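Predicted, not measured: the structure shown is a model, and the values here were computed from it. To find a chain, count down the sequence lines: A is the first, B the second, and so on, and within it residues start at 1.
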2 protein chains.
Amino acid sequence: MTEVHLRDALDTLKSTGVRITPQRHAILEFIIQSMSHPTADDIYKALESKFPSMSVATVYNNLRVFREAGLVKELTYGDSSSRFDFVTNDHYHMICDACGKIVDFHYPGLDEVEHLASHLTGFDVSYHRMEIYGVCPTCKEHATKVQ
Amino acid sequence: MTEVHLRDALDTLKSTGVRITPQRHAILEFIIQSMSHPTADDIYKALESKFPSMSVATVYNNLRVFREAGLVKELTYGDSSSRFDFVTNDHYHMICDACGKIVDFHYPGLDEVEHLASHLTGFDVSYHRMEIYGVCPTCKEHATKVQ
DNA sequence: ATACTTATTGTAACAATTATAATCAAAGAA
DNA sequence: TTCTTTGATTATAATTGTTACAATAAGTAT
């Protein structure tokens, strides 16, 4: 699964004339196989043993390249730094208010909402995103133990 | 309408023991009557004629106070700074990819999605947010003219 | 090989936000 | 009232995520 995604992603890059460097390959691979919506710094730290001389700027540069190619989405929440999510099929995010963990879940597209919104506002809709906030099972358990 | 909201908000603050200073009153009033989801800097600039000596820190401090009291929500998008939205009844945001304008629209709560997500992930849900992206009527018109 | 383009690196700059310390204002107790 | 305490504001320094820039390195094509 991961391999298929990676191969597709590399094809997409190649077809748009973007050179595939070892750094780019590694960053992309990390985002795809990591299920954790990493920050730029997460990626930087995860790869520094493999690429000791890689600059943070390279991570940011390439995240921008990937974003422009439509391969990753940038997620900004209240906390300091952006998280990056590999674009596969439609899914939404469940975010724990206590520990910040992000869990994906799938739901059939909210076409009806998009249509209504478009009708009400006159916008041409391109996409939407949704986040649900709450407390994850682990934090719930912890909270009840603490009491 | 605005006045009612402001009075309610001040009551909420009073009931939680938060002192209502002239700055707080002005910031709250501005957020409520402004329909534009202002940034901290927008608020600071808008009030500097009224409070020439007010510090940016005061704006940030009080936005945090209001957020903790549940009066405002912080919205973070890709762009640099957070926007602040007075909490009234459930609504979502339509955002223009071209000019960044944010337009509210109302939609009956997405209870079904919340329930499914809760069931799938085991989270206790507290709330959700959704943004729809697209191109606003003004930018559409402009784009066609430019061609 | 040579020239040309593109990517990476290292570092400086920037901008939003937060932390800190000092001053100021309000509220309560004596 | 005056004193004391608490909380708010101010001004500024520090922090942090991100971007800009110039120099170097690596590919690509002629």
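Judged purely by atom type and a 3.5 angstrom limit, B/His115 uses its side chain to pair as donor or acceptor with the backbone of B/Asp111. Panel note: side chain A/Thr12, backbone A/Asp8; a donor-acceptor pair is recorded below 3.5 Å. Put simply, the side chain of B/Ser118 never gets that close to the backbone of B/Glu114: no donor and acceptor are under 3.5 Å apart. Not a single donor-acceptor pair under 3.5 Å links the side chain of A/Arg129 to the backbone N or O of B/Met130. Formation of a donor-acceptor pair under 3.5 Å by the B/Arg83 side chain with backbone atoms of B/Thr76 is not found in this model.
Environment of NE2 in B/His106: crowded, with over 12 heavy atoms of neighbouring residues, nucleotides or ligands closer than 6.0 Å.
Ring centroid separation for the pair B/His91 and B/Tyr107 does not come in under the 6.0 Å cut-off.
For B/Lys14, the side chain to side chain contact (heavy atoms under 4.5 Å, CB included) partners are B/Asp11, B/Ile20, not counting sequence neighbours.
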Please set out all donor-acceptor pairs under 3.5 angstrom arising from side-chain atoms of residues 49-61 of chain A, sequence neighbours excluded.
{"unit_1": "A/Ser55", "atom_1": "OG", "unit_2": "A/Ala57", "atom_2": "N", "d": "3.0"}
{"unit_1": "A/Asn61", "atom_1": "OD1", "unit_2": "A/Arg64", "atom_2": "NH2", "d": "3.3"}
{"unit_1": "A/Asn61", "atom_1": "ND2", "unit_2": "A/Ala57", "atom_2": "O", "d": "3.2"}

Side chains of residues 96-105 of chain B: which donor-acceptor pairs under 3.5 Å do they make with residues two or more places apart or in other chains?
{"unit_1": "B/Asp97", "atom_1": "OD2", "unit_2": "A/Ser126", "atom_2": "OG", "d": "3.3"}
{"unit_1": "B/Asp104", "atom_1": "OD1", "unit_2": "B/His37", "atom_2": "NE2", "d": "2.9"}
{"unit_1": "B/Asp104", "atom_1": "OD1", "unit_2": "B/His93", "atom_2": "NE2", "d": "3.4"}

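For A/His25 and D/dA26, the NE2 to P distance is 19 Å, given to the nearest whole Å. One atom, CG of A/Asp42, and another, P of D/dG17, lie 11 Å apart when rounded to the nearest Å. The interatomic distance linking A/Leu63 (CG) with D/dG17 (P) rounds to 15 Å, in whole Å.
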Polar pairs (N or O, both sides) under 3.5 Å between protein and nucleotides 5-7 of chain C?
{"unit_1": "C/dT6", "atom_1": "O4'", "unit_2": "A/Arg19", "atom_2": "NH2", "d": "3.4"}
{"unit_1": "C/dA7", "atom_1": "OP1", "unit_2": "A/Arg24", "atom_2": "NH1", "d": "2.9"}
{"unit_1": "C/dA7", "atom_1": "OP1", "unit_2": "A/Arg24", "atom_2": "NH2", "d": "3.2"}

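Residues from residues 45-54 of chain A that place a heavy atom under 4.0 Å from any atom of DNA chain D: there are none.
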**OP:** Quick one, give me the B/S/- string for nucleotides 14-19 of chain C, reading 5' to 3', where B means a protein heavy atom under 4.0 Å from the base and S means that only happens at the primed atoms, P, OP1 or OP2.
**Re:** --SSBB
